[in-house]
Structure formats: C-alpha cells, structure tokens
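In this chain, residues are counted from 1 in sequence order. We use all heavy atoms of the structure for the numbers below, so side chains are in, but hydrogens, waters and symmetry mates are not.
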Amino acid sequence: MNKTESIARRILGWKLYSTGKWYDHENEVFIDEKEFQPNDNLDHAMLIVKRLEHYGYQYIIKGDSEVCFNNQFHHLCGTGNTLAEAITNAAHLIADQSSPADEWL
C-alpha cells in the first residue's frame, strides 16, 4: 500500500473500490487516485489535517516544511519540500502505526 492509499484508507476512512479508486461513504462519492494528491496539493493535505484534528490530534507547523501531529499517544513529525508534502509524510507515519479509521471511532 503506497503512502496516499494508506492515508486515504486509514485516516480518511475511504474504502478501496477498485485499483486506484476509493469510495468516501460519508460524502457518497468515488475518488480516483488522480483526484487526491495530498503530497502536491495543500487543499488535499488540509483534508487530512481536519480529519486528524477530528481524531484528537493537534496540528503544529514548525516551519515551511515541517509539521507535527500530537495526541495523548503519538508525537509524530514530518518534513518535506513543501508544507503539503510535510503534512502527507507526518500523516503517513500515523497511518502506518495505526488501525484503520473505522476502528478509531
């Protein structure tokens, strides 16, 4: 599972519909992997931030290319060439160490 897929499934709670396509049951829409590029698109990365804040994470910007997410169990930071990339990298660390989103609720 690549970084974006891991975030989509474990943090955003999107279900895999087919190769390269997810289903967002909350909004009842299908999302093609080409339509969700959080590594390159700050608006997409901020969707991840909002979801993690919903799960109790605090979002901290430590510069143009470093962010951290903190909660009572994790303190994970990510860096990147852009803020969007840093958010994606930090979120991937959380997704990699966590259960799928539907188990967090």
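The aromatic rings of Y57 and F69 sit perpendicular, their planes meeting at an angle over 60°, well past the 30° parallel limit.
Here the closest non-hydrogen pair linking A90 and C77 is CB-C, 4.0 Å. In this structure, D24 and N27 approach most closely via the heavy-atom pair OD2-ND2, 2.7 Å. Taking both residues in full, the closest heavy atoms of D96 and S6 are given as N-OG, 4.4 Å, listed atom of the first, atom of the second, then distance. Listed here is the closest heavy atom pair of D40 and A84: C-CB, 4.4 Å. The two atoms that bring H44 and E35 nearest to each other are CE1-O, 3.1 Å, heavy atoms only. Nearest approach of A91 to I7, heavy atoms of both residues: CB-CD1, 4.0 Å.
The residue from L83, N89, V49, L76 that alone fulfils the side-chain contact (heavy atoms from CB on, under 4.5 Å) condition with V67 is L83.
Taking CG of L52 as the start and CD1 of I11 as the end, the distance is 4.5 Å to the nearest 0.5 Å. To the nearest 0.5 Å, atom CG of residue L93 and atom SG of residue C68 are 10.0 Å apart. Here the straight-line distance linking atom CD of E85 with atom OG1 of T82 works out to 5.0 Å at 0.5 Å rounding. Atoms CG and NE2, from L12 and H25 in turn, are 11.0 Å apart once rounded to the nearest 0.5 Å. Rounded to the nearest 0.5 angstrom, N39 CG and T4 OG1 are separated by 6.0 Å.
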Can K21 and I31 be said to form a side chain to side chain contact (heavy atoms under 4.5 Å, CB included), step by step? CA-CA 6 Å; K21 187 174 266 190; I31 298 118; over 6 Å; no

Could you go step by step and tell me if W22 and K15 meet the side chain to side chain contact (heavy atoms under 4.5 Å, CB included) rule? CA-CA 5 Å; W22 304 289; K15 304 298 180 199; over 6 Å; no

Please assess N71 against Y55 for the test side chain to side chain contact (heavy atoms under 4.5 Å, CB included), listing each intermediate value before the final yes or no. CA-CA 9 Å; N71 74 4; Y55 288 136; over 6 Å; no

Could you go through the salt bridge (Lys or Arg N to Asp or Glu O under 4.0 Å) check for R51 and E26 one step at a time? CA-CA 12 Å; R51 181 55 60 108; E26 287 179 13; 2.9 Å; yes

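Counted within 6.0 Å of CG on N81, heavy atoms from surrounding residues, nucleotides or ligands total 12 or fewer; the atom is thus considered open.
In this structure, R10 does not pair ionically with E5, as no charged nitrogen and carboxylate oxygen lie closer than 4.0 Å.
Each of F36 and Y17 belongs to its own hydrophobic cluster when Ile, Leu, Val, Met, Phe, Trp and Tyr are linked at side-chain heavy-atom distances under 4.5 angstrom. Neither Y59 nor F73 shares a network with the other; the hydrophobic side chains, linked directly or stepwise wherever heavy atoms of I, L, V, M, F, W or Y lie under 4.5 Å apart, form separate groups for each. A single hydrophobic cluster is not seen to contain both I60 and I48; linkage of ILVMFWY side chains at heavy-atom distances under 4.5 Å, directly or through other members, places them apart. One hydrophobic cluster, built from ILVMFWY side chains closer than 4.5 Å, holds both L42 and L47.
Not a single donor-acceptor pair under 3.5 Å links the side chain of S65 to the backbone N or O of T79.
For F30 and Y23, the ring centers sit closer than 6.0 Å to each other.
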